[in-house]
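Heads up: the structure comes next, in structure tokens.
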Amino acid sequence: MRLYKDIVSGDELFTDVFPFKEEDDFLYVIRGKLTTETTDVSGINIGANASEEAPAEDASEAGSTSGINVVIRSRLQASGFNKKSFKVHIADYMKKIKGIIAENKGDVDTFMSKAKIFIKKLLEDFDDYEFYMGESNNAEAMAVMVKWDGETPILYFFKQGIEMEKL
């Protein structure tokens with residue numbers, strides 16, 4: 001299995017369990033799914049046996065979480081970006097990624113030209129997007145961008161902001 005982590009924060013963003021495609025050597029794109037995951041902490045799930053001496057207590061707690069499968073599994077945190085705060089965040093993030101690409105002797109100019117086009121389009125359709133941060137909610141890390149296509153969430157990740165780790 002491969003784990004795709006934010007290059008700034010080290011937070012897990014997704015794994016190869018989720019089919020994704022690479023767009024223009026710039027973005028990873030995942031077609032997510034709405035899901036509900038149930039958590040049940042009863043003794044049955046942890047291999048515990050009920051004691052015959054103690055009265056039966058219903059200590060189990062069941063809960064469920066509904067949302068986008070990738071968001072739930074990677075423990076992404078919803079961000080409260082408005083258009084102004086997102087512009088500030090993305091400008092700072094792009095400077096950071098630009099530096100990382102330059103350190104690794106990558107093609108900064110190509111990345112920045114693709115980023116400008118993508119971000120311009122994103123800002124035009126800003127109200128159609130939701131944004132998530134990694135589990136640590138590191139303000140300097142990548143904002144995962146989600147745009148809905150009907151009932152299907154489409155998640156966008158900057159390829160150059162991700163490092164892959166084989167597990």
Side-chain angles (χ1 to χ4, degrees), residues 1-37 65-167:
M1 182 163 75
R2 295 174 189 212
L3 177 67
Y4 294 83
K5 302 184 331 184
D6 186 292
I7 202 164
V8 174
S9 67
D11 290 337
E12 174 185 333
L13 297 177
F14 63 95
T15 67
D16 61 359
V17 168
F18 302 104
F20 64 91
K21 65 179 183 174
E22 193 176 307
E23 224 173 71
D24 198 22
D25 196 33
F26 173 68
L27 292 169
Y28 288 129
V29 180
I30 297 176
R31 292 182 67 81
K33 295 178 183 171
L34 287 176
T35 187
T36 299
E37 292 195 5
T65 303
S66 295
I68 302 168
N69 57 351
V70 180
V71 170
I72 293 169
R73 291 280 174 93
S74 300
R75 296 175 301 281
L76 301 179
Q77 307 297 310
S79 87
F81 286 128
N82 59 32
K83 195 170 192 176
K84 183 178 178 182
S85 64
F86 180 75
K87 283 181 180 180
V88 170
H89 170 79
I90 201 68
D92 291 343
Y93 179 74
M94 285 296 141
K95 285 178 195 171
K96 188 173 291 294
I97 294 302
K98 185 177 173 181
I100 291 170
I101 294 170
E103 283 177 23
N104 294 323
K105 298 183 179 14
D107 188 351
V108 173
D109 293 334
T110 300
F111 172 77
M112 291 307 292
S113 68
K114 290 176 182 180
K116 285 178 185 173
I117 293 167
F118 179 79
I119 293 167
K120 181 181 179 196
K121 177 75 173 126
L122 182 149
L123 291 172
E124 289 172 2
D125 300 334
F126 186 81
D127 292 337
D128 296 338
Y129 283 87
E130 294 174 9
F131 301 92
Y132 295 87
M133 303 298 285
E135 183 176 22
S136 70
N137 222 356
N138 183 328
E140 296 180 352
M142 180 188 311
V144 177
M145 300 146 290
V146 179
K147 186 173 184 181
W148 291 83
D149 179 13
E151 300 271 325
T152 305
I154 311 297
L155 293 85
Y156 297 93
F157 305 84
F158 294 112
K159 178 182 175 183
Q160 289 77 359
I162 290 180
E163 59 187 353
M164 189 267 298
E165 176 183 317
K166 289 184 182 181
L167 299 179

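Only a predicted model underlies this, so the values are computations on that prediction, with no experimental measurement involved.
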**Report entry** side-chain hydrogen bond (donor to acceptor under 3.5 Å, both in side chains) contacts touching residues 85-95 (sequence neighbours left out)
**Finding:** N82-S85

Query raised in the report: Would you say K83's side chain and L123's backbone share a donor-acceptor pair under 3.5 angstrom?
Result: yes

Query raised in the report: Ignoring hydrogens and geometry, is there a side-chain-to-backbone donor-acceptor pair from D6 to V8 under 3.5 Å?
Result: yes

Report task. State the CD1-CD distance between I100 and Q160, to the nearest 0.5 angstrom. Result -> 11.0 Å

Query raised in the report: Considering only heavy atoms from C-beta outward, does the side chain of D149 approach that of R31 to under 4.5 Å?
Result: yes

Report summary line: In terms of heavy-atom contacts, A115 and F26 come closest through CA-CZ, 3.4 Å

Requested in this report: Enter the distance from T152:OG1 to L34:CG here, rounded to the nearest 0.5 Å.
Outcome: 8.0 Å

Query - T15 side chain to V17 backbone, donor-acceptor under 3.5 Å - result: yes

Report summary line: Per side chain to side chain contact (heavy atoms under 4.5 Å, CB included), S74 is matched among V71, I72, L76 by L76

Report task. Mind listing the closest non-hydrogen atom pair of P153 and K33 along with its distance? Result -> CG-N, 4.0 Å

Query raised in the report: Looking at T36 and S66, what are the two nearest heavy atoms and their distance?
Result: OG1-OG, 2.8 Å

Report task. Scan side-chain atoms only and decide if S136 and D11 contain a donor-acceptor pair under the 3.5 Å cut-off. Result -> yes

Query raised in the report: Any side-chain heavy atom of F81 within less than 4.5 Å of one from M145?
Result: no

Requested in this report: Would you give the length of the straight line joining atom NZ of K96 to atom CE of M142, rounded to the nearest 0.5 angstrom?
Outcome: 13.0 Å

Report summary line: Closest non-hydrogen contact found for M133 with A143 is SD-CA, 3.7 Å

Query - K114 side chain near D25 side chain, heavy-atom distance below 4.5 Å - result: yes

Requested in this report: Would you indicate whether the side-chain heavy atoms of F158 and I7 approach each other to under 4.5 Å?
Outcome: no

Query - Y156: which of Y28, Y132, F118 passes ring pair (Phe, Tyr, Trp, His ring centres under 6.0 Å) - result: F118

Requested in this report: Kindly check if the number of other-residue, nucleotide or ligand heavy atoms within 6.0 Å of NZ (K98) is above 12?
Outcome: no

Report task. Take the angle between the ring planes of F86 and F126 and call it parallel below 30°, perpendicular above 60°, tilted in between. Result -> tilted

Query raised in the report: More than 12 foreign heavy atoms under 6.0 Å from CD of E22: is that the case here?
Result: yes

Report task. List in chain and number order the residues that pass side chain to side chain contact (heavy atoms under 4.5 Å, CB included) with K121, two or more places apart in sequence or in another chain; answer none if no residue qualifies. Result -> E124, D125

Query - Short side-chain to backbone donor-acceptor contact, Q77 and R75, under 3.5 Å - result: yes

Report task. Quick one: pull up CD1 in I97 and CE in M112 and give me the separation to the nearest 0.5 Å. Result -> 10.5 Å

Query raised in the report: Can you name the salt bridge (charged side-chain N to carboxylate O under 4.0 Å, His left out) partners of D107, sequence neighbours left out?
Result: none

Requested in this report: State the CD-CZ distance between E37 and R73, to the nearest 0.5 angstrom.
Outcome: 4.5 Å

Report task. Would you check if L13 and L155 make a side-chain contact, meaning some heavy-atom pair closer than 4.5 Å? Result -> no

Query raised in the report: If you measure from CZ on R2 to CD on E165, what distance do you get to the nearest 0.5 Å?
Result: 12.0 Å

Report summary line: Closest heavy-atom pair, F157 versus V70, reported as atoms and distance to 0.1 Å, is CZ-CG1, 4.5 Å

